[in-house]
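Report on one structure; see the data block that follows.
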There are 4 protein chains.
Amino acid sequence: MSDTEGDRSPLDPMSARPLYAQLADVIAGKIRSGELAPDRPIPSENHLADEYGVARLTARRTAQELRERGLIVTVRGKGSFVVEQPPLDVSEESEIVD
Amino acid sequence: MSDTEGDRSPLDPMSARPLYAQLADVIAGKIRSGELAPDRPIPSENHLADEYGVARLTARRTAQELRERGLIVTVRGKGSFVVEQPPLDVSEESEIVD
Amino acid sequence: MSDTEGDRSPLDPMSARPLYAQLADVIAGKIRSGELAPDRPIPSENHLADEYGVARLTARRTAQELRERGLIVTVRGKGSFVVEQPPLDVSEESEIVD
Amino acid sequence: MSDTEGDRSPLDPMSARPLYAQLADVIAGKIRSGELAPDRPIPSENHLADEYGVARLTARRTAQELRERGLIVTVRGKGSFVVEQPPLDVSEESEIVD
DNA sequence: GTGGTCTAGACCACT
DNA sequence: GTGGTCTAGACCACG
């Protein structure tokens, strides 16, 4: 293939799937592939918004989606971090924002 | 009814032409006359519905009609915008929301 | 006290408790008191926003809060409805938006 | 002051007067001169930080200073606004966010 | 006419 | 410099 093609966004605004869900899929893929490693932060909400050309609220909604999937935990003022292992049970967590 | 009352709406509910098409004609006229300029937003669906006394769904159908005529493009969460130059042919358009 | 005092909103924008949580408390009180009965709709998001002088997004966040507390269920295009009885278990629900 | 260099910032980091107070003085001057009119918003915290080359927190502290001087009121999610008439006494104010 | 998604940008709390 | 809350207002999907 060429290295000059202009296709650069995995998000399709015309899709029936909401942008936040599409973006959550992208990040989830990077988590499962190991590109985003356990205990390491995912890009900040502002960074995601800039990088993928969405509003900050959409990036925030993406983080909410990933929390609900159990893939990240979010710490106020610090960031959102990849969880160690996809949890089977959430009865141990504490102080996780929602 | 009388023929002297102050009703001055350009829309005729009794016409065989659908209301959405009549309203699309009105907006199209304002676009071609320059009253609605290229790259500028047309009134919102709610605004059109209020201003012309039609249902929201009719205003929505009007926007769809104008998109199909190639006169506007619609951006989710932003509004509908007058295209730069009224196209002569619509057989080439793609990726316009519908 | 007098019967002429002008205090009319139970919400305090200066409080450290978020507006959406304060509003959720107000609605929850009306549910528990029976003012909002089981299987009956709570006021729409737009109505809540108008009545309590908050943005629609804040009213939406209130509904999310009430869903998380298990006090309402939300149906797209219909509204949000008071649940029959505060559930002890949520393993039976289906098609509840979030 | 000197003479020919292009540095034209009204703030002096070497001064014993805190930066936030210096910046508050600058904004207060614009309010009293009418450059910032009553009921109109002052520049956002981000804007002030960029324009005067200070940290976001310094801009925030500036706004707090101006609130304490009774020159602005701050509305969450909207901005900070110049008050109608600069008060001569601040011993009566209440319910101003801080 | 409801709730759902989205844009844009503000201030707030915390690290 | 992060995430959290909030305002304002747009279009979308559904009943």
Side-chain angles (χ1 to χ4, degrees), chain A residues 13-22 41-49 53-61 63-64 67 72-81 97-98, chain B residues 41-49 55-57 59-60 63-64 67 74-81 97-98, chain C residues 13-22 41-49 53-61 63-64 67 72-81 97-98, chain D residues 41-49 55-57 59-60 63-64 67 74-81 97-98:
Chain A
M14 300 304 154
S15 167
R17 187 163 180 74
L19 276 181
Y20 74 79
Q22 293 183 50
I42 67 171
S44 74
E45 294 175 351
N46 279 332
H47 190 99
L48 287 178
V54 298
R56 189 191 162 200
L57 191 68
T58 302
R60 268 186 71 58
R61 187 66 187 77
Q64 180 188 343
R67 277 195 297 275
I72 63 171
V73 294
T74 298
V75 182
R76 173 93 163 249
K78 295 283 292 295
S80 289
F81 299 82
V97 304
D98 190 357
Chain B
I42 67 172
S44 76
E45 295 175 348
N46 277 337
H47 192 100
L48 286 178
R56 172 87 68 78
L57 213 135
R60 253 186 80 49
Q64 180 185 346
R67 276 195 296 274
T74 299
V75 181
R76 175 78 167 267
K78 296 288 289 295
S80 289
F81 298 81
V97 301
D98 192 350
Chain C
M14 300 304 154
S15 165
R17 186 163 180 73
L19 276 180
Y20 75 82
Q22 293 182 52
I42 67 171
S44 74
E45 295 176 350
N46 279 332
H47 190 99
L48 287 178
V54 298
R56 190 191 161 202
L57 190 68
T58 302
R60 267 186 72 56
R61 186 68 185 78
Q64 180 187 342
R67 277 196 298 276
I72 64 171
V73 293
T74 299
V75 182
R76 172 91 164 249
K78 296 285 291 294
S80 288
F81 300 82
V97 303
D98 188 0
Chain D
I42 67 171
S44 74
E45 294 176 349
N46 277 335
H47 191 99
L48 286 178
R56 172 88 66 79
L57 213 135
R60 251 185 84 47
Q64 180 186 345
R67 275 195 299 275
T74 298
V75 182
R76 176 80 168 265
K78 297 287 289 297
S80 288
F81 299 81
V97 301
D98 191 354

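Side chains included, hydrogens not; waters and symmetry mates left out as well; all remaining heavy atoms used. Quick note on labels: first sequence line is chain A, next is B, and so on, each numbered from 1.
Computed from coordinates, the D:Glu45 CD to F:dC6 C1' distance equals 14 Å when rounded to whole Å. In this structure, A:Leu19 places its CG atom 11 Å from P of E:dT5, rounding to the nearest Å. Rounded to a whole Å, the CZ atom of D:Arg76 is 16 Å from the C1' atom of F:dA8. One atom, CD1 of C:Ile72, and another, P of E:dT2, lie 15 Å apart when rounded to the nearest Å. If you take CG of A:Leu48 and P of E:dC6, they are 14 Å apart, rounded to a whole angstrom. When rounded to the nearest whole Å, the span between CZ of A:Arg17 and C1' of E:dC6 equals 16 Å.
For F:dT7, one of the phosphate oxygens OP1 or OP2 lies less than 4.0 angstrom from a side-chain nitrogen or oxygen of C:Thr58. At least one side-chain nitrogen or oxygen of A:Tyr20 sits closer than 4.0 Å to the OP1 or OP2 atom of E:dT5. Contact annotation: C:Ser44 side-chain N/O to E:dT2 OP1/OP2 distance is under 4.0 Å. For the OP1/OP2 pair of F:dG4 and a distance below 4.0 Å, the side-chain nitrogens and oxygens of A:Arg60 include at least one atom meeting the criterion.
In terms of position on DNA chain F, the residue among C:Pro18 and B:Ala63 whose nearest nucleotide sits closer to the 5' end is C:Pro18. Residues C:Asn46 and A:Lys78 both approach DNA chain E. Their nearest nucleotides, taken by heavy-atom distance, put C:Asn46 toward the 5′ side. Of the two residues near DNA chain F, D:Arg56 and A:Leu57, the one whose nearest nucleotide lies more 5' is D:Arg56.
E:dT7 is paired with F:dA8 under the Watson-Crick or G-U wobble criterion, all donor-acceptor distances under 3.5 Å.
In the set F:dC6, F:dG4, E:dT7, the nucleotide with an atom closest to the side chain of A:Arg67 is F:dG4.
Evaluation of atom-type donor-acceptor distances gives no pair under 3.5 Å for the side chain of C:Arg61 against the base of F:dG4.
Shown here for C:Ala59 and C:Ala49, the closest heavy-atom pair between the two residues is CB-N, 4.1 Å. Heavy-atom minimum distance, D:Glu45 versus D:Arg56: CB-CD, 4.4 Å. Between C:Ala63 and C:Ile72, the closest heavy-atom pair is O-CD1, 3.6 Å.
Taking CD of A:Gln64 as the start and OG of A:Ser80 as the end, the distance is 11.5 Å to the nearest 0.5 Å. From D:Arg60, atom CZ reaches atom CG of D:Asn46 across 11.0 Å, with rounding to the nearest 0.5 Å.
Among the protein residues, A:Ile42 comes within range of no part of the nucleic acid, since none of its heavy atoms lies under 4.0 Å from any strand.
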